[in-house]
Amino acid sequence: MSEPTQTLYIPKLYEWMNANQMRKWHWSKRSKLNRLWRHDAHRIARSEQLRPLQRAHILIEVHKTTNARYDPGNLHPTAKAIVDGLIDYGLLPDDDALHLDGPDIRPGEKECRPGFTITITPLEAT
């Protein structure tokens, strides 16, 4: 019997880490935002009591408050911090290719509150 898919929502409490803008930021701002997103992902995973897995696919849907066009791939630095927080929690042994397929970053539905829906689909161990 296979493990069920797990889902959690991480609200946007901090500035998005956008790959296009981060190049211009001071290292301390990048570091602080990375730490905040990573910590929140860990905290929310713990509160949702996610089940640890050996291997999984992670889909990250970005929810914004407008229908304006954007490139979800530019939010990869934020997604990476979130995945690192899930690894810190113990969701997977590591975020290498042996344990993690993804993250796939996709535009999600327009929401009244911006954030990320994280869908974790268990995969067979290789």
Side-chain angles (χ1 to χ4, degrees):
M1 185 172 167
S2 66
E3 290 276 338
T5 297
Q6 303 178 80
T7 304
L8 72 149
Y9 181 78
I10 299 178
K12 180 188 178 216
L13 300 176
Y14 317 106
E15 188 173 353
W16 304 109
M17 292 191 297
N18 183 312
N20 290 334
Q21 296 168 335
M22 284 183 62
R23 298 178 298 202
K24 302 171 190 170
W25 291 351
H26 189 272
W27 66 266
S28 63
K29 179 177 181 176
R30 290 191 307 262
S31 179
K32 179 181 180 182
L33 282 170
N34 187 71
R35 188 172 54 255
L36 290 168
W37 280 105
R38 188 172 182 159
H39 173 77
D40 272 7
H42 180 268
R43 179 182 56 79
I44 293 168
R46 187 176 61 239
S47 72
E48 294 291 322
Q49 298 180 346
L50 295 180
R51 289 176 314 284
L53 302 167
Q54 285 301 305
R55 189 162 186 264
H57 173 263
I58 293 181
L59 170 66
I60 299 179
E61 294 177 278
V62 181
H63 301 286
K64 294 207 171 192
T65 58
T66 69
N67 288 324
R69 290 175 44 182
Y70 68 97
D71 178 358
N74 281 338
L75 296 177
H76 189 269
T78 309
K80 173 66 172 146
I82 289 170
V83 169
D84 287 344
L86 296 176
I87 299 304
D88 293 344
Y89 164 73
L91 177 69
L92 296 169
D94 198 351
D95 60 352
D96 60 12
L98 181 64
H99 299 97
L100 176 62
D101 181 20
D104 280 336
I105 307 167
R106 306 283 171 91
E109 297 295 318
K110 176 182 169 185
E111 299 283 343
C112 60
R113 190 171 162 202
F116 296 96
T117 298
I118 317 298
T119 305
I120 305 151
T121 305
L123 299 173
E124 293 294 321
T126 57

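Every heavy atom of this structure was used, including side-chain atoms; hydrogens, water molecules and symmetry mates were not.
Annotation: the span from Gln6 atom CD to Gln49 atom CD amounts to 11.0 Å, rounded to 0.5 Å. Expressed to the nearest 0.5 Å, how far CG of Leu36 lies from CE of Met17 amounts to 9.0 Å. Note that the OG1 atom of Thr117 and the CD1 atom of Ile10 stand 9.5 Å from one another [nearest 0.5 Å]. Note that the CG atom of Leu8 and the CG atom of Leu86 stand 6.0 Å from one another [nearest 0.5 Å]. Here the CD atom belonging to Glu15 is positioned 10.0 Å from the CH2 atom belonging to Trp37, to the nearest 0.5 angstrom. Asp94 CG to Gln54 CD: the interatomic distance, rounded to the nearest 0.5 Å, is 11.0 Å.
Every residue meeting the side chain to side chain donor-acceptor pair (under 3.5 Å) condition with His57, not counting sequence neighbours, appears here in chain and number order: Asp104. Every residue was checked against the salt bridge (Lys or Arg N to Asp or Glu O under 4.0 Å) condition with Lys110, not counting sequence neighbours, and none meets it. With sequence neighbours left out, the side chain to side chain contact (heavy atoms under 4.5 Å, CB included) criterion links Ile105 to Val62, Pro72, His76, Ala79.
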Could you walk me through whether Ile120 and Thr5 pass the side chain to side chain contact (heavy atoms under 4.5 Å, CB included) check? CA-CA 6 Å; Ile120 305 151; Thr5 297; 5.8 Å; no

Decide yes or no on side chain to side chain contact (heavy atoms under 4.5 Å, CB included) for Tyr14 and Asp40, but give the supporting numbers first. CA-CA 10 Å; Tyr14 317 106; Asp40 272 7; 3.0 Å; yes

Side chain to side chain contact (heavy atoms under 4.5 Å, CB included) for Arg113 and Thr65? Distances and angles first, verdict last. CA-CA 6 Å; Arg113 190 171 162 202; Thr65 58; 5.9 Å; no

Full working for side chain to side chain contact (heavy atoms under 4.5 Å, CB included) between Lys12 and Phe116: CA-CA 7 Å; Lys12 180 188 178 216; Phe116 296 96; 5.9 Å; no

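The shortest side-chain heavy-atom distance between Ile87 and Pro93 does not fall under the 4.5 Å cut-off. Looking only at side-chain heavy atoms (C-beta outward), Glu109 and Glu111 come within less than 4.5 Å of each other. Two residues are said to be in side-chain contact when any heavy atoms from C-beta on lie closer than 4.5 Å; Leu59 and Thr121 fail this criterion. Side-chain atoms of Asn20 and Asp71, non-hydrogen and from C-beta on, never get closer than 4.5 Å to each other. No side-chain heavy atom of Asp101 sits less than 4.5 Å from a side-chain heavy atom of Ile58. The closest side-chain heavy-atom distance from Arg55 to Pro122 is not below 4.5 Å. Between His99 and Leu53, every side-chain heavy-atom pair lies at or beyond the 4.5 Å cut-off.
A tilted orientation is assigned to the rings of Tyr9 and His63, their planes being inclined by 30° to 60°.
For the pair Lys64 and Tyr70, the distance from NZ or CZ to the six-membered ring centre is under 6.0 Å and the angle to the ring normal is within 45 degrees.
Looking only at distances, no side-chain donor or acceptor of Arg106 sits under 3.5 Å from a matching main-chain atom of Ile60. Not a single donor-acceptor pair under 3.5 Å links the side chain of Tyr89 to the backbone N or O of Ile44.
Ionic pairing of Lys80 and Asp95 is present here: one or more N-O contacts between side-chain nitrogen and carboxylate oxygen are shorter than 4.0 angstrom. Using a cutoff of 4.0 Å between basic side-chain nitrogens and carboxylate oxygens, Glu3 and Arg51 are scored as salt-bridged.
Between His42 and Arg46, the side chains place a donor N or O and an acceptor N or O closer than 3.5 Å (distance only, hydrogens not considered).
Cluster membership for Trp16 and Leu13, using ILVMFWY side-chain heavy atoms within less than 4.5 angstrom, is shared. Placement of Ile118 and Leu123 in two distinct hydrophobic clusters is found when ILVMFWY residues are connected by side-chain heavy-atom separations under 4.5 Å, directly or transitively.
Heavy-atom neighbours of Lys32 NZ from other residues, nucleotides or ligands within 6.0 Å: at or below the threshold of 12.
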